[in-house]
S.K.: 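Before we start, here is the structure in question, set down as structure tokens.
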Number of protein chains: 2
Amino acid sequence: MKEHTRSYARVTREALTMMGGLIRLGRKQRKMSETDLAARVGIARSTLQLIEKGHPKVEIGLVFEAAILVGVPLFVDEPSRLAPEISRIDDKLALLPRSVRRARSEVKDDF
Amino acid sequence: MKEHTRSYARVTREALTMMGGLIRLGRKQRKMSETDLAARVGIARSTLQLIEKGHPKVEIGLVFEAAILVGVPLFVDEPSRLAPEISRIDDKLALLPRSVRRARSEVKDDF
DNA sequence: AGATAATGACCGATATAGCGGTCATATGAT
DNA sequence: ATCATATGACCGCTATATCGGTCATTATCT
């Protein structure tokens, strides 16, 4: 038993709550029951319940799948815009040094 | 061994890749090493590597924490806008029937 | 009102994610 | 050129998330 309990930042908890709420909303708007959606995603209903509650310890892949199935947009409005956006990020990354050197703590946390 | 391998929708994989890329980009822009960020988030470096690669099977809470620490916005630009947004969702949910009835598959997947 | 289904909550078993470590290589600073 | 360290890849162990079920309650339809 290393870390029995973990703490999450407020923003994280809120973002998770929002994600869960959006999925729940999307599901209901499409008149799907929990059982329906869970079956579609390929997960247990109990897991979907955790997702809609915004539980932090669920696989992000499952959450995203559920989100997509009920029409919650991820990052972009059009799914087709994901690829170009990824390219943009890769381009930016290519311009940066491959290895980060130095800068041992100065994000100001240690003041 | 029930489901050894799981498949994810293309959009899911791309969204995960984008999320990972954004975190990696944010980290480098802030000149943090993998070890630095992992320590800050409170996770192993190996886990952070999976996150930046967009691996689907990581806790969503850990991904969000990492994202926030390097300045990747989640849903909204300002973290302070999360709460109001959650309220809006709750309001919408309150207007919908508590239980979803019927409508067994018609999201068109079964064409 | 009655029937039927959805939801909320809970639980044991088991597959597995995260940890923490190692090693090789690449990279950036001096 | 040298050296310190960042990165990439891998691995066994252990804590634990997911599954798949049950049960009680609530909500919706006829």
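Letters A, B, ... mirror the listed sequences (proteins, then strands); counts begin at 1.
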S.K.: Do B/S46 side-chain and C/dG18 base share a donor-acceptor contact under 3.5 Å?
M.R.: no
S.K.: Is there a donor-acceptor pair closer than 3.5 Å between any side-chain N or O of A/K28 and the backbone N or O of B/R98?
M.R.: yes
S.K.: Take atom NZ of A/K31 and atom P of C/dA5, then tell me their distance rounded to the nearest Å.
M.R.: 18 Å
S.K.: Just how far is it from atom CZ of A/F64 to atom CD1 of A/I51, taken to the nearest 0.5 Å?
M.R.: 11.0 Å
S.K.: Using heavy-atom distances to pick each residue's nearest nucleotide on DNA chain D, tell me which of B/K28 and A/L50 is more 5'.
M.R.: B/K28
S.K.: Among C/dT7, C/dC19, D/dT18, which nucleotide sits nearest the side chain of A/R24?
M.R.: C/dT7
S.K.: Taking atom C1' of C/dT7 as reference, at what distance in whole Å does atom CG of A/L37 sit?
M.R.: 14 Å
S.K.: For A/E34 and D/dC19, give me the distance from atom CD to atom P, rounded to whole Å.
M.R.: 14 Å
S.K.: Counting only heavy atoms not in A/D91, do more than 12 fall under 6.0 Å of its CG?
M.R.: yes
S.K.: Counting just side-chain N and O atoms, does A/R6 come under 4.0 Å of either OP1 or OP2 of D/dA15?
M.R.: no
S.K.: Do side-chain atoms of A/R6 reach the backbone of B/G42 as a donor and acceptor pair under 3.5 angstrom?
M.R.: yes
S.K.: To the nearest Å, how far apart are A/E65 CD and D/dT18 C1'?
M.R.: 16 Å
S.K.: Taking the minimum atom-to-atom distance to the side chain of A/L62, which one of D/dT18, C/dG18, C/dA17 wins?
M.R.: D/dT18
S.K.: With nearest nucleotides of DNA chain D determined for A/E59 and B/K53 from heavy-atom distances, which residue corresponds to the more 5′ nucleotide?
M.R.: B/K53
S.K.: Measure from the side-chain heavy atoms of A/S33 and tell me the nearest of C/dC19, C/dG8, C/dA6.
M.R.: C/dA6
S.K.: Expressed in angstrom and rounded to an integer, what is the separation of A/I43 atom CD1 from D/dG21 atom P?
M.R.: 16 Å
S.K.: Can you find an N or O donor on one side and an acceptor on the other, under 3.5 Å apart, linking the side chain of B/R45 with the base of D/dG8?
M.R.: yes
S.K.: Round to a whole Å and report the spacing from NZ of A/K57 to P of D/dT18.
M.R.: 10 Å
S.K.: Is there a donor-acceptor pair under 3.5 Å between the side chain of A/R40 and the backbone N or O of A/M32?
M.R.: no
S.K.: Given C/dC10, C/dA17, D/dT7, identify the nucleotide with an atom nearest to the side chain of A/Q49.
M.R.: C/dC10
S.K.: Quickly work out the A/H55 NE2 to C/dA9 P distance and round it to whole Å.
M.R.: 13 Å
S.K.: Any chance the side chains of A/D36 and A/S33 put a donor and an acceptor closer than 3.5 Å?
M.R.: yes
S.K.: Just by distance, do the side chain of A/R45 and the backbone of A/A38 share a donor-acceptor pair under 3.5 Å?
M.R.: no
S.K.: Identify each atom pair where a protein N or O and an N or O of nucleotides 25-28 of chain C are less than 3.5 Å apart, giving names and distance.
M.R.:
unit_1	atom_1	unit_2	atom_2	d
C/dT27	OP1	A/R98	NE	3.2
C/dG28	OP1	A/R98	N	2.9

